[in-house]
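Remember, predicted model here, so these are calculated numbers, not experimental data. Every heavy atom of this structure was used, including side-chain atoms; hydrogens, water molecules and symmetry mates were not.
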Protein chains: 2
Amino acid sequence: MNQPLKIRLDNALNKGSKADRKIANFMMSGLSELPFETASSIAKKVEVSEATVGRFCRSLGYTSFKNLKDHLKNDIGDHPWLMSDRLRELQGNEIAGDAALASGMELEIAGLVSVYELARTPEWRRAVKRLATRDCVHVAGFQTERGIAQYFANQLQYIRDRVTLLDLAGGNFIETLATDQDACLVIFEARRYSRLAKLLAQEARAAGIPVTLVTDVFCDWGHAVADEVFAVRTQFHQFWDSTALMASLSNLLIHGVFTELGPEVDNRLDKIARLYGRFTGHVGAPQAQVEN
Amino acid sequence: MNQPLKIRLDNALNKGSKADRKIANFMMSGLSELPFETASSIAKKVEVSEATVGRFCRSLGYTSFKNLKDHLKNDIGDHPWLMSDRLRELQGNEIAGDAALASGMELEIAGLVSVYELARTPEWRRAVKRLATRDCVHVAGFQTERGIAQYFANQLQYIRDRVTLLDLAGGNFIETLATDQDACLVIFEARRYSRLAKLLAQEARAAGIPVTLVTDVFCDWGHAVADEVFAVRTQFHQFWDSTALMASLSNLLIHGVFTELGPEVDNRLDKIARLYGRFTGHVGAPQAQVEN
DNA sequence: CTCAAGTTGAAATATTTCTGTCATTACGTC
DNA sequence: GACGTAATGACAGAAATATTTCAACTTGAG
C-alpha cells in the first residue's frame, strides 16, 4: 500500500492488463517528464482513453492522476534504507491524527533534502566563503526566528571571531551595521514577520553590506534585497508553519564555514574549550567530532 | 525574447509590480517544484488572484502558465524534480566532501523519523497534556540550545499564557521556579553543557515541578531527574554535533499542545494577531495554516 | 460456441483551471 | 489634494481536465 511509484509500476507491468502495461511502460520510461503530463495527454500518447488512465492510477493506489503527481514530488520512495519499517508503520497507521503526522513527516523529510541540495549551489559556496573571510558577521532574526538566529550565531562564535547577534528591539540597527566596513549579514526570517527584516536588509545593502537571507518560499522580496536567498519549506501539515529546518540549514552553514576555515579554527576551538571547561567541568573541545 | 526563465524572472523582480515580484520570487525559490503547480495553486500560495498569475506569465512572454511550464521542460535540464533523482545525485557524487554530506543527510533523515516516532509515545502525550494544562511553563536551554529554547518558548507563547524563558546566566533559577505551584519545566540540553541543566532539573524536581528534557542520545542522567526524556540524534558527519532536530521536535510539541488546547487557542491567536498586526502591518493570525 | 468476468472507450457529467471584463484600488505626477 | 495611468481582484464564462456511466468488446473456461 505504501510503496514508491516505481515498484507499483513494475507490478503493473507484470500483472496488469494490456492498457495498464502500456501506461506503466510509458510512465517508467519518462518519470521525470511526468509532472508535465496530464491524464489526457498521456491517454493520447499511449492511445488509450482518459478514463483508463484514471482507472490505472486508482488501481495503483492513488486517488487520481493528480494525486499520483503530488506523491511524485515528495517521493522518497526507493529508499528502503534507514526507516522503512518504522516509517511504514507510521504511514500505515491511519488512526485519527496520525495520518496527518505521517504525511507531515514526509513533507519535512523532503524539505530536509531540499536544504541539503541548497548546500551544493554556487550561492551557498559564496555565502560560506564570505562568512569565513569577512572581518565581522552580523546575525539577525525576528520573533520565533530570533531563536534560530541565536542558535546560528552561538555556533558560529565557536569557530570564528566577531560574530554579533543583532538586537533589533528598537529598530536602530543602522549604527550597528555602520561600525565595520568589512561586515556581512545573515537574516533569518519568515513571511509573517517580514517588515523589519526587509528594512534591515535594505539598509544593509545600502551600506554596502552583503546580505544572506534564510526564509521560507513565500518571501516576496528576498531576491530583490539579498545577495543570496535560501528558502526552506515550512508547511508540514502543522497548525502553522514550521521554520525548524532553518536550524538544520544553520548547522550545514556552520559546517561549511568550518571546512572553509580549515586548520585556522583549531586554535580557536582549543582556546574556547579551555575557557569553557572551567565553566562546565568538561575538558576538551566542545564535542568536536572525531573524523572517521 | 528567447531567454531562459530565470533571466526573465530576474527582470520581473526589478521592473515588475508588487504582485509580479511576489510571483517571480516564489518561482525563483522553487524552480524545481514549478511543474507541480498550477496557476491557481500559485495564486493561493502567494496570495494574488489567478488572473494575475496568468497576466504575469504573459508579461514574461509566454502565452499562459501552461505554456511556461512547457518551456520549463526544456529550459532547465539540470533540475530533476524527482526526489529520488535528487537523492541519487547527492549520493552519487563523490567529490570531496559531498559524500560525507550525503551520508550525513541520510543520518539526519533517520533522526527526523525518530523524532516523529517520539511524538507517538505515551511520554509524549503526557508531556503535551501537561504543557497544555499547567498554569505556567518554564523553558530553559544552555549555550547553543538556548536558541532552540527561545524558539520553542516564543511559539508556545502564541498559543498559551504564562510561558517564560528562564535566564540562567547567574544560575539563580531556584526562586524563579518557586514562584508558582502549578508549573512545569522544559529543558533543552546537549551533552556538552550538561552541568547546569542537570542542576536545574534536580532543583526543579526537588521543588515538585515536573521536568521534560530534550537532549541528545548521549545524556546519561536524564532519566534519573526528568519525567520525560526526549533524545534526538545529533551526529550527522558534521564537524560537531547538530541539535537542529530539536527545532523539529519543538514544532511537533507545539503542534501537539495546539491540538490539545483545541478551540481555546483561537481567541488567543486572534488577540495576538491583532496586536501583532499593528507591529508588522500584517493582519490575520500569524500564518495559521489553511486546512486543505 | 456460449457465457461470465474483466477490460475498454465514448459520451455525459463534474471539477478544475484558465481567460476576459469590469469595477475598484494603488501609485505616481502635477 | 486631484488627476490619470496602471495594477489588481472578483466574477463569469470558456476551456481543459478528470470521473462516472454504460454499452461494447475481449478473453478464457467450460
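- Using a 4.0 Å cut-off, some side-chain N or O of B:Arg58 falls inside it from OP1 or OP2 of C:dG20.
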>> Treating primed atoms plus P, OP1 and OP2 as sugar-phosphate and everything else as base, which nucleotides of nucleotides 12-17 of chain C get B, S or - for protein heavy atoms under 4.0 Å?
In response: ----SS
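- Residue B:Ser59 is classed as having no contact, given no heavy-atom separation below 4.0 Å to the nucleic acid.
- Atom-to-atom distance recorded for A:Trp221:CH2 and A:Gln202:CD is 8.0 Å, nearest 0.5 angstrom.
- Going from atom CD1 of A:Ile42 over to atom C1' of C:dT8 covers 17 Å, rounded to whole Å.
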Pairs under 3.5 Å (N/O, protein and nucleotides 8-10 of chain D):
from, atom 1, to, atom 2, distance (Å)
D:dT8, OP1, B:Ser17, OG, 3.0
D:dT8, OP1, B:Ala19, N, 2.8
D:dT8, OP2, B:Ser17, OG, 2.6
D:dG9, OP2, B:Ser49, N, 3.1
D:dG9, OP2, B:Ser49, OG, 3.4
D:dG9, OP2, B:Thr52, OG1, 2.7
D:dG9, N7, B:Arg55, NH2, 2.9
D:dG9, O6, B:Arg55, NH1, 3.4

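- Side-chain contact of A:Asp216 with A:Thr234: a donor-acceptor pair under 3.5 Å is absent, judged by distance alone.
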>> Could you walk me through whether A:Trp240 and B:Tyr158 satisfy the ring pair (Phe, Tyr, Trp, His ring centres under 6.0 Å) test, starting with their C-alpha distance in whole Å, then the side-chain angles of each, then the deciding distance to 0.1 Å, before giving a yes or no?
In response: CA-CA 11 Å; A:Trp240 70 19; B:Tyr158 277 120; 4.9 Å; yes
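- Across every non-hydrogen atom of A:Ile23 and A:Val53, the tightest pair is CD1-CA, 3.9 Å.
- Pairing each heavy atom of B:Thr63 with each of B:Arg58, the nearest pair is O-NE, 3.4 Å.
- A salt bridge is absent between B:Lys45 and B:Glu33; no separation between the charged side-chain nitrogens and carboxylate oxygens falls under 4.0 Å.
- In this structure, A:Glu108 and A:Leu245 have side chains that are in contact, with non-hydrogen atoms separated by less than 4.5 Å.
- Between the OG1 atom in A:Thr215 and the NZ atom in A:Lys198 there is a gap of 12.0 Å [rounded to 0.5 Å].
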